Amino acid sequence: MAPSLFFMFCTWIVLLVMIHTPLAKPLCHPDESSALMEFKRSFKINITTLLCVYPKFESWTLDEHGDCCSWDGVECDEATSHVTGLDLSHGCLFGTLSSNTSLFRLLHLESLNLAWNDFHSSSIPYGFGNLSRLHYLNLSSSHLSGKVPSDISWLSRLVSLDLNLGWDLEDSLGLYWQNILKMPNIDNFIQNLTMLQELDLSSINMSSPFPHVLANFSSLKSLKLGYCELHGEFPVSNFQLPNLKALDISQNYNLSGFIPDLHWGNPLKSLSLFETNFSGQVPISIGNLVFLNELSIDDCNFSGLLPTSMGNLSQLARLGLSSNNFHGQIHAFFANLTHLSYLDLGYNNFSGGIGHWFVNLVKLTYLNLAGNSSSNCNPNSSSLYFLHLADCQLSGPITYSFENLTRLVSLQLYYNNLQGKIPSSIWELKDLEWLDLYGNNLTGTVDLHKLKKLRMPRSMPLFQNFPI
Ligand SMILES: *[C@@H]1O[C@H](CO)[C@@H](O)[C@H](O)[C@H]1NC(C)=O
Ligand SMILES: *[C@@H]1O[C@H](CO)[C@@H](O)[C@H](O)[C@H]1NC(C)=O
Ligand SMILES: *[C@@H]1O[C@H](CO)[C@@H](O)[C@H](O)[C@H]1NC(C)=O
Ligand SMILES: *[C@@H]1O[C@H](CO)[C@@H](O)[C@H](O)[C@H]1NC(C)=O
Ligand SMILES: *[C@@H]1O[C@H](CO)[C@@H](O)[C@H](O)[C@H]1NC(C)=O
Ligand SMILES: *[C@@H]1O[C@H](CO)[C@@H](O)[C@H](O)[C@H]1NC(C)=O
Ligand SMILES: *[C@@H]1O[C@H](CO)[C@@H](O)[C@H](O)[C@H]1NC(C)=O
Ligand SMILES: *[C@@H]1O[C@H](CO)[C@@H](O)[C@H](O)[C@H]1NC(C)=O
Ligand SMILES: *[C@@H]1O[C@H](CO)[C@@H](O)[C@H](O)[C@H]1NC(C)=O
Ligand SMILES: *[C@@H]1O[C@H](CO)[C@@H](O)[C@H](O)[C@H]1NC(C)=O
Ligand SMILES: *[C@@H]1O[C@H](CO)[C@@H](O)[C@H](O)[C@H]1NC(C)=O
Ligand SMILES: *[C@@H]1O[C@H](CO)[C@@H](O)[C@H](O)[C@H]1NC(C)=O
């Protein structure tokens, strides 16, 4: 959250600078400036909503000839002066979008972004179909509900469509909006949107099989249909979309499929299949996806050994394989994955624990080996924030020191057979917030005063063996 807030802040500064930079723009058409003013008046600005960053249209005014082309968030065509772009994302708009909204009079709009506003769970009005020149439409994370109106599917020039409800966002902000957008017939809806390069309909309830027609959308670069209640079989041909860089079909719990053993000609960078019913093995050819930056296949039914060809995936930063049925030694190829910052192998049947491969992963911040069998454990790494080795069959005394895990925020060692004295170096971990040693046979003295940030979900059991 912190980096994105910082980014938004920077954007705000840049926008402020832009306002003070005189640009020679044409005067806008009066009917368009009045439509924009009417749009403004139909909303409140609410700077207390969590989505609000900066109320862009607060400065709009009809004074000084009311040249709407110079208004913040408005873009005009240089030659015709028609309003072609409107970007009020993060704009602190608070109110409902109604079907008589003056927005639908801006018939020259090519790009419209109303993402991250609070439309009060109103439904998406019928009328976007009138904006036939739109090639970019973004209504993501804007607290909309109801059925997605079919006239959006007339917008055959669309190159980018984002109606993502923002489930992740709500989670991270602690908001739980109940309303779910629905799209009863996804096949019909997208049928004519063949120019799409980006499609994000995540969190829209489709209750349908995966739309077969998408396999023919050869321009697609980014396809995100996570948490859409898609079921049935995922058509393998979608993996062969020639320009695909990002595919996210996660959290479609009843969507089955497998990762095919293909030539993989596309520049895939991100593949998210977690919490689906995908199964089978990870094929050797996965090693051809040399641009892969994220592979998230947690909570599926994958099994078998990991192919050593994964050692070619040197760009991987995020690898999530948890809660599957993989087995085998944690292989030396991990030593090649030097860009990894997140590695979750938890709850499989891997063996070996932290091996020699670990020393190469100097960017690793998250390591989860819980629920595997770990004979080795010497987590000597100054980059780690999260170290989860719970339920790992670790036994005997802790022979290593925690002195170099200076950034550790979470240490989970519960349900092992650790015995003996707890190393005093644990109490030197100044940033530790979560510590769970439950279900071991450790003794020692706890120095609570040193762990100032500690939160204790299982506080008492943690200390049951310790004189405090
Ligand atoms: C602003 O938004 C907050 C949070 O959504 C809401 O509780 C509050 O009532 C809104 N304020 C106004 C003036 O509408
Ligand atoms: C638009 O419709 C709403 C109700 O849906 C109504 O309150 C409002 O007055 C209408 N605005 C115009 C300009 O017709
Ligand atoms: C939609 O807008 C939001 C907020 O500006 C942005 O984060 C998101 O990437 C946009 N989606 C697309 C497909 O451009
Ligand atoms: C769409 O355009 C038609 C004709 O241009 C107009 O009659 C109609 O009112 C418009 N619909 C909306 C919702 O603005
Ligand atoms: C798609 O385009 C065809 C031809 O223009 C048209 O007949 C059909 O109704 C359109 N389908 C949808 C769902 O808009
Ligand atoms: C999704 O839609 C289906 C069919 O309309 C419905 O049975 C199901 O409960 C909906 N899911 C959610 C989470 O609302
Ligand atoms: C994809 O396009 C081909 C050739 O135009 C067509 O024969 C096929 O039916 C299309 N597939 C789908 C699922 O629409
Ligand atoms: C998934 O399938 C199971 C059994 O087939 C069914 O009970 C469940 O409701 C389905 N869940 C969803 C989200 O479709
Ligand atoms: C999940 O996948 C397995 C194996 O392919 C299949 O037998 C099962 O029916 C699938 N379950 C659902 C709910 O689709
Ligand atoms: C590590 O990567 C290099 C090239 O980047 C490759 O030649 C080597 O086979 C890889 N090693 C493993 C164990 O995959
Ligand atoms: C901690 O790091 C220092 C410097 O890299 C090294 O000399 C020392 O052996 C490390 N301590 C442990 C317990 O690994
Ligand atoms: C716990 O450790 C102590 C020695 O530190 C030992 O005497 C005792 O038997 C151990 N208890 C269990 C249940 O292993």
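Just so it is clear, the model here is predicted, and its values are computed rather than measured. Computed over heavy atoms, backbone and side chain alike; hydrogens, waters and symmetry mates excluded. Every number for a ligand or one of its atoms is a count from 1 in the order of the listing.
Of the N and O atoms on the side chains of Asn164 and Ser140, not one donor lies less than 3.5 Å from an acceptor on the other residue. Residues Asn277 and Asn301 bring a donor and an acceptor atom of their side chains to less than 3.5 Å of each other.
The ligand atoms of ligand 12 that sit less than 4.0 angstrom from a heavy atom of Gln419 are 2 (O), 14 (O).
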Dump all N/O pairs between ligand 9 and the protein below 3.5 Å as a table: atom names plus distance, one pair per row.
residue, atom, partner, partner atom, Å
ligand 9, 2 (O), Asn277, OD1, 3.3
ligand 9, 2 (O), Asn277, ND2, 2.3
ligand 9, 11 (N), Asn277, ND2, 2.8
ligand 9, 14 (O), Ser256, OG, 3.4
ligand 9, 14 (O), Asn277, ND2, 3.4

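A ring pair (Phe, Tyr, Trp, His ring centres under 6.0 Å) with Phe334 holds for exactly one of Phe358, Trp357, Phe350; it is Trp357.
The environment of CG in Leu305 is crowded: more than 12 heavy-atom neighbours from other residues, nucleotides or ligands sit within 6.0 Å.
A perpendicular orientation is assigned to the rings of Phe278 and Phe239, their planes being inclined by more than 60° (bins at 30° and 60°). The aromatic rings of Phe119 and Phe43 sit tilted, their planes meeting at an angle between 30° and 60°.
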